Number of protein chains: 4
Amino acid sequence: MSDNSFGRLFRVTTWGESHGPALGCVIDGAPPRVPLTEADIQDWMDKRKPGTSRFVTQRQEPDTVKILSGTFEGLTTGTPIMLMIENVDQRSKDYSDIKDKFRPGHADFTYWSKYGIRDYRGGGRSSARETASRVAAGAVARQVLKTLIGPQVQLRGALVQIGEKTIDGSIWNWDSVTQNPFWCPDPKMALEWEDYLDGIRKAGSSVGAVVELRASGIPAGLGEPIYGKLDAELAAAMMSINAVKGVEIGAGFASAALSGEQNADEMKLNNGAPEFTSNQAGGILGGISTGQEIVVRFAVKPTSSILNPRTTVDRFGAETQIMTKGRHDPCVGIRAVPVGEAMLALVLADHLLRHRGQVGGFKSGFDPR
Amino acid sequence: MSDNSFGRLFRVTTWGESHGPALGCVIDGAPPRVPLTEADIQDWMDKRKPGTSRFVTQRQEPDTVKILSGTFEGLTTGTPIMLMIENVDQRSKDYSDIKDKFRPGHADFTYWSKYGIRDYRGGGRSSARETASRVAAGAVARQVLKTLIGPQVQLRGALVQIGEKTIDGSIWNWDSVTQNPFWCPDPKMALEWEDYLDGIRKAGSSVGAVVELRASGIPAGLGEPIYGKLDAELAAAMMSINAVKGVEIGAGFASAALSGEQNADEMKLNNGAPEFTSNQAGGILGGISTGQEIVVRFAVKPTSSILNPRTTVDRFGAETQIMTKGRHDPCVGIRAVPVGEAMLALVLADHLLRHRGQVGGFKSGFDPR
Amino acid sequence: MSDNSFGRLFRVTTWGESHGPALGCVIDGAPPRVPLTEADIQDWMDKRKPGTSRFVTQRQEPDTVKILSGTFEGLTTGTPIMLMIENVDQRSKDYSDIKDKFRPGHADFTYWSKYGIRDYRGGGRSSARETASRVAAGAVARQVLKTLIGPQVQLRGALVQIGEKTIDGSIWNWDSVTQNPFWCPDPKMALEWEDYLDGIRKAGSSVGAVVELRASGIPAGLGEPIYGKLDAELAAAMMSINAVKGVEIGAGFASAALSGEQNADEMKLNNGAPEFTSNQAGGILGGISTGQEIVVRFAVKPTSSILNPRTTVDRFGAETQIMTKGRHDPCVGIRAVPVGEAMLALVLADHLLRHRGQVGGFKSGFDPR
Amino acid sequence: MSDNSFGRLFRVTTWGESHGPALGCVIDGAPPRVPLTEADIQDWMDKRKPGTSRFVTQRQEPDTVKILSGTFEGLTTGTPIMLMIENVDQRSKDYSDIKDKFRPGHADFTYWSKYGIRDYRGGGRSSARETASRVAAGAVARQVLKTLIGPQVQLRGALVQIGEKTIDGSIWNWDSVTQNPFWCPDPKMALEWEDYLDGIRKAGSSVGAVVELRASGIPAGLGEPIYGKLDAELAAAMMSINAVKGVEIGAGFASAALSGEQNADEMKLNNGAPEFTSNQAGGILGGISTGQEIVVRFAVKPTSSILNPRTTVDRFGAETQIMTKGRHDPCVGIRAVPVGEAMLALVLADHLLRHRGQVGGFKSGFDPR
């Protein structure tokens with residue numbers, strides 16, 4: 001099982017290589033009668049689009065999404081939704097350097113070890129270009145969540161760390177996120193990052209980052225214990241994004257250093273409804289959503305495509321040197337923000353349908369005594 | 001889909017509640033002709049067993065595993081393997097306190113929100129008692145790995161942090177791990193933890209921890225891109241363990257602060273074979289194993305069962321207080337070590353079979369030029 | 001993937017061999033709050049129980065079902081339901097004859113070819129003993145259907161052919177079905193079968209049969225096109241029963257000889273509701289239930305365990321003879337009736353949950369113009 | 001789970017509607033390094049193509065397949081293979097008649113009942129147009145079987161019954177199959193069918209058919225008991241084809257009338273290898289292939305699209321009449337032959353990979369004594 005599918009009931013299968021004619025995804029299991037047009041998807045594609053600032057890859061792709069099946073008169077029909085994005089900027093290029101050499105930190109060596117063949121052009125299937133399909137599918141998932149739960153559902157992401165520079169979380173400003181090229185919620189840090197990343201870019205180097213995602217308006221009860229826990233599947237979803245090396249929920253790794261008193265979120269009543277006084281849990285307990293904001297963070301490693309030569313081997317068994325030529329991406333973490341949001345949407349839409357399948361609805365309120 | 005199964009080809013389905021008559025798992029897809037006896041499993045069960053030191057839960061369970069199907073004359077037959085563990089220490093107890101109240105930091109509220117019913121005795125299905133089944137299944141997975149790959153496969157785990165006290169990784173000593181009640185690879189830190197945890201235990205409090213797992217002897221090529229990446233499934237596996245809030249691979253979250261030069265592991269030749277000069281990747285690139293040691297870490301939150309009263313609500317909509325009575329577990333992270341190892345074994349056995357299904361074997365060596 | 005599981009959302013995994021200590025199944029995905037006790041299951045087990053007449057196997061098994069997990073105070077909790085049946089009548093027996101020889105018409109040769117090992121005692125995993133687990137799971141599925149749809153759901157089966165002797169369908173009498181040892185809806189034919197089968201039994205021979213199943217009270221809309229069609233999964237379900245060689249829906253193979261006019265069921269109105277004037281479709285169109293009675297038939301081959309010697313080979317490559325000794329089963333089709341009913345229940349319960357997951361409910365009535 | 005995917009390891013997901021811009025499929029799990037070009041697929045597409053004789057639908061479609069991903073330099077790479085077929089002959093047509101009326105014997109009513117919306121143009125997703133994707137995927141499966149097993153693998157199909165006219169199986173001639181427009185292996189019957197079907201066509205009526213498929217060169221050992229049996233999955237595969245109402249393996253329904261002596265295929269030695277003296281089993285025992293020829297038959301109902309008016313209801317709750325206008329298809333069973341072959345290829349390729357995943361290879365020959 002070569003798993004290019006994600007989700008159980010809202011199931012997305014992506015296909016396509018970096019330098020093939022097109023790429024896209026098939027979504028199987030979307031509920032019928034959900035409003036969906038190409039414009040609903042395109043907005044989110046534009047957010048992820050390459051070439052929008054000097055801090056991200058300069059590949060020029062319009063990333064225009066076409067819906068080839070699964071909708072009728074502006075509504076989903078319950079049949080598979082096929083989304084296709086044609087590749088435009090597969091610039092004719094000299095691949096002789098990477099054809100036989102394994103770039104350090106890339107999947108070149110592992111794809112070759114696994115399959116005994118690889119489409120080396122632009123990284124082939126292992127390229128982050130695949131994430132365009134995720135964002136397209138994520139847009140459909142958002143429509144599903146909005147239709148089935150309501151407009152209060154909000155899925156958002158931000159960059160909270162670049163290299164060693166971390167935002168001041170206490171001044172988090174969602175408005176700021178769309179006002180700088182980094183999805184940074186701390187306007188002061190955004191300015192600092194600009195200088196910092198310029199330096200890295202000019203040095204031909206790269207740096208890692210941390211992304212934080214939040215989902216609000218999600219009802220309590222989503223998640224399928226034991227192995228389909230909401231946090232387990234969020235972890236898989238985020239770790240499946242190119243270059244991601246760590247995932248945490250709520251207090252995450254910091255919870256290791258907390259006491260039980262500090263960590264357990266107490267509950268009280270608010271106008272008769274249960275409410276938590278804190279959210280160390282990141283909105284998930286026992287693998288099931290609590291109704292609080294869901295908080296996920298993931299770490300993105302620095303891209304290995306840097307302008308300095310590196311030692312490696314080739315597939316004939318010779319030691320050699322390799323360096324990236326031309327355009328490079330100083331911080332791939334930036335473009336991971338909309339991809340993370342998309343994965344969050346996919347996980348939640350899938351769990352919403354799974355919950356509805358087994359349980360049928362959400363229990364609300366308290367039992368009469 | 002209420003997902004109580006893990007794995008695709010080596011598929012484990014666990015069942016059972018904390019205070020039911022028994023619990024266990026069915027393993028579907030184990031290869032035939034793998035040596036397997038109850039003793040092969042029992043050794044690993046004993047490692048996880050509760051009540052072995054004052055730092056872990058005092059529940060007394062022999063955790064004796066019975067094989068009810070799937071083997072014949074000491075070998076697996078390719079049919080489902082049913083493993084059963086009877087519950088012995090379901091001590092008759094007064095549950096009136098937790099019957100209707102939601103314990104902060106537990107799954108009480110979310111199970112109730114999701115299912116509208118819950119077996120509150122000892123946490124029911126959400127209890128860490130379920131991990132006994134994982135360890136049993138993990139022992140079978142180890143037999144599979146050993147039989148199919150060879151004796152060089154080694155899966156080990158250790159505790160590297162308790163509360164704010166982190167080991168000195170530079171003096172890592174595997175022998176030390178089995179010589180203290182914490183699976184600590186740093187003998188000096190083990191002594192320090194003893195005092196530290198005694199204090200926490202006596203205060204009726206609890207504290208979190210970080211576990212590190214390593215797998216060596218694993219060939220390059222395991223892992224199924226894009227959504228069945230080895231690291232993605234390791235992340236899900238670890239996050240599915242009770243109380244886990246974060247997972248990382250190799251350099252993990254620290255990679256966010258690295259430069260591309262620091263992070264990308266260079267390759268050279270060693271006696272004609274490819275070799276990496278470092279392992280920031282933690283043995284996985286593009287979601288596929290590199291042949292290096294696989295390194296996974298996960299964070300365990302402090303248990304919420306503490307002796308101090310906490311504010312909460314009950315299922316009738318009243319604010320109330322709750323406290324844990326009697327025995328408690330100052331650091332649940334300790335017992336997570338063998339569970340983490342078991343999950344590592346399950347992921348690897350499953351990926352070994354998946355790789356064999358699609359590709360059939362491993363590519364070795366270089367191409368002749 | 002050695003598939004011992006059935007269903008996607010209501011997922012049953014069976015385990016156990018004919019002569020192991022026990023067998024049973026785990027049901028994952030049952031909705032919570034469904035009434036379920038051991039007695040609810042036992043009634044159906046008794047119906048399938050061996051040794052009830054001289055026309056079925058004389059193995060003596062009480063087939064007592066224990067629920068080991070997944071219920072609390074008489075209700076399902078949404079967690080896995082483990083059902084166990086202990087094997088009692090594994091009579092100590094001389095297996096030397098079948099240990100190395102492949103019985104013609106049995107799975108001996110194919111299990112050996114596939115796995116290179118087999119538990120030859122009583123057929124091991126390939127024994128029809130496994131169907132006890134199906135009947136137990138089917139009883140749970142019936143509870144789910146009754147709870148979620150209502151008491152009008154009725155799943156019934158009958159034997160409509162033994163050897164060349166076919167019932168007169170025009171005098172179908174459901175009351176008759178429980179009044180003879182064959183589940184025969186034609187009381188005259190039941191008498192005829194008695195003599196006929198006695199002759200076959202005394203001759204040490206065996207004969208095939210055809211089972212017909214009907215489900216009424218099932219709403220329109222169940223079934224998941226394209227590859228999860230209701231009829232496709234019914235076909236798989238029935239064909240997975242031991243000794244089944246053919247499955248048909250509605251008019252089935254006879255539809256090949258019909259004209260389009262004869263075959264297409266016209267629709268009219270009945271008190272404002274849509275109604276079909278015939279049911280050649282067997283209640284399924286385009287893989288989705290129409291709301292009519294669902295009609296499935298399947299053919300069961302004669303058992304190959306007969307008292308006459310047959311030519312075969314052994315696993316060392318020698319030609320040899322083999323014959324069944326002692327008790328034998330003249331028509332295994334009889335005991336397939338409750339098994340077929342159980343599979344029907346499993347398919348319908350699974351599709352009910354799948355439908356609810358994707359669509360959420362059933363569309364009823366007509367649109368206002 | 002709206003299941004538009006088929007297979008577990010060799011997994012095909014089809015998408016597209018009859019009158020959408022295109023349709024196709026994604027194949028996930030194809031082994032790497034299998035030779036595959038568009039020409040390999042196109043040959044099989046041409047065989048299924050509509051408009052090739054007056055006995056099949058007159059829709060004009062070139063059915064040109066494009067490979068959009070998953071191959072590199074003429075070989076598969078192990079990544080998803082996307083195959084796309086553009087719809088050309090979606091002739092602008094007046095759909096007012098079928099827009100609101102439910103055609104008897106079609107999926108119109110059930111899609112509307114299930115989803116509350118349907119793309120009525122040409123049947124939308126429920127159209128047999130979807131089978132073009134199956135044939136394309138089947139061609140890839142053939143390449144996989146040929147590469148992994150060898151050139152001896154042969155998958156063929158024929159039409160053995162139209163209406164009440166059945167071929168004489170004793171003069172079966174594979175050469176004849178490609179020499180008449182019916183895939184008929186009995187040249188005399190082919191002539192008879194020509195007159196017979198002309199009569200039906202001119203009368204504006206239609207008639208059913210039976211297809212027989214055979215696979216030779218398949219090793220013993222394929223099939224996954226208990227619920228993934230080879231015959232169970234063949235049954236599901238065939239029943240999932242539009243208009244199919246029955247499936248049988250080997251002797252099939254006829255086995256009900258056989259004695260155990262007649263039905264059980266004896267074994268002997270042939271040059272030291274095991275050989276069966278008959279094949280009532282159709283090449284499958286216990287759900288696993290025996291190494292003999294695999295024999296599957298399925299019944300196709302007459303299409304409901306006939307030129308005579310039929311009574312039905314519309315979606316507003318009125319009784320009405322409906323008739324098919326223009327071109328119609330007197331026997332849809334003819335075009336089901338290549339579709340059945342494709343499904344056979346898909347099932348076998350999937351089971352080959354599944355077997356390889358769990359078991360690793362095939363056991364051959366006998367054990368030394």
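Below, each value reflects all heavy atoms present in this structure, side chains not excepted, and no hydrogens, waters or symmetry copies. Computed from a predicted model, the values in this text were never measured in an experiment. Reminder, nothing fancy here: chain letters follow the sequence lines and each chain counts from 1.
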Who among T166(B), T311(B), N263(B) has the most heavy-atom pairs with chain A under 4.5 Å? T311(B)
Relative to chain A, which segment of D231(B) carries a heavy atom at a distance below 4.5 Å: side chain, backbone, both, or neither? both
Specify whether F276(B) and F109(A) have parallel, tilted or perpendicular ring planes, treating 30° as the upper limit for parallel and 60° as the lower limit for perpendicular. perpendicular
Heavy-atom proximity to chain A below 4.5 Å, by part of S289(B): backbone
Sub-4.5 Å side-chain heavy-atom contact between L222(A) and R354(A): no
Can you tell which of S304(A), G286(A), A209(A), G250(A) has the highest number of heavy-atom pairs within less than 4.5 Å of chain B? A209(A)
Is any NZ, NE, NH1 or NH2 atom of the basic residue among K101(B) and D108(B) found under 4.0 Å from an Asp or Glu carboxylate oxygen of the other? no
Most contacts with chain B, counted as non-hydrogen pairs under 4.5 angstrom, among G287(A), P104(A), A232(A): A232(A)
If you count heavy-atom pairs within less than 4.5 Å of chain A, which of A107(B), G360(B), G228(B), S240(B) leads? S240(B)
Please state whether the side chain, the backbone, both or neither of H106(A) comes within less than 4.5 Å of a heavy atom of chain B. backbone
Looking only at heavy atoms and a cut-off of under 4.5 Å, which of K301(B), R315(B), E261(B) has the most pairs with chain A? E261(B)
When only pairs under 4.5 Å are counted, which of G163(A), A256(A), G223(A) shares the most heavy-atom pairs with chain B? A256(A)
Which bit of I241(A) is near chain B, if near means a heavy-atom gap under 4.5 Å: side chain, backbone, both or neither? backbone
Quick check on the interface: out of A220(B), P219(B), S259(B), A237(B), who has the most heavy-atom pairs with chain A under 4.5 Å? S259(B)
Based on non-hydrogen pairs under 4.5 Å, which of G116(A), G123(A), G252(A) is most in contact with chain B? G252(A)
Regarding D265(B) and S278(B), is there a side-chain donor-to-acceptor distance under 3.5 Å anywhere? yes
Residue selection (most heavy-atom pairs with chain A, distance under 4.5 Å) from I322(B), V207(B), L269(B): L269(B)
Chain B contact via K229(A) - side chain, backbone, both or neither, heavy atoms under 4.5 Å: side chain
Once you measure the plane-to-plane angle for F102(B) and W112(B), does it fall in the parallel (<30°), tilted (30-60°) or perpendicular (>60°) bin? tilted
Counting heavy-atom pairs under 4.5 Å to chain B, which of T303(A), T14(A), V12(A) comes out on top? T14(A)
Any heavy-atom pair between the side chains of K268(A) and T312(B) that's under 4.5 Å? no
Quick one: of Q262(B), E266(B), Q280(B), E248(B), who has the most non-hydrogen atom pairs under 4.5 Å with chain A? E266(B)
Need one label for E319(A): side chain, backbone, both or neither, based on atoms under 4.5 Å from any heavy atom in chain B. both
Quick one: are the ring centres of F10(B) and H351(B) less than 6.0 Å apart? no
Structural part of I249(A) lying under 4.5 Å from a heavy atom of chain B: both
Which region of R125(A), side chain (C-beta onward) or backbone (N, CA, C, O), has a non-hydrogen atom less than 4.5 Å from a non-hydrogen atom of chain B, or is it both or neither? both
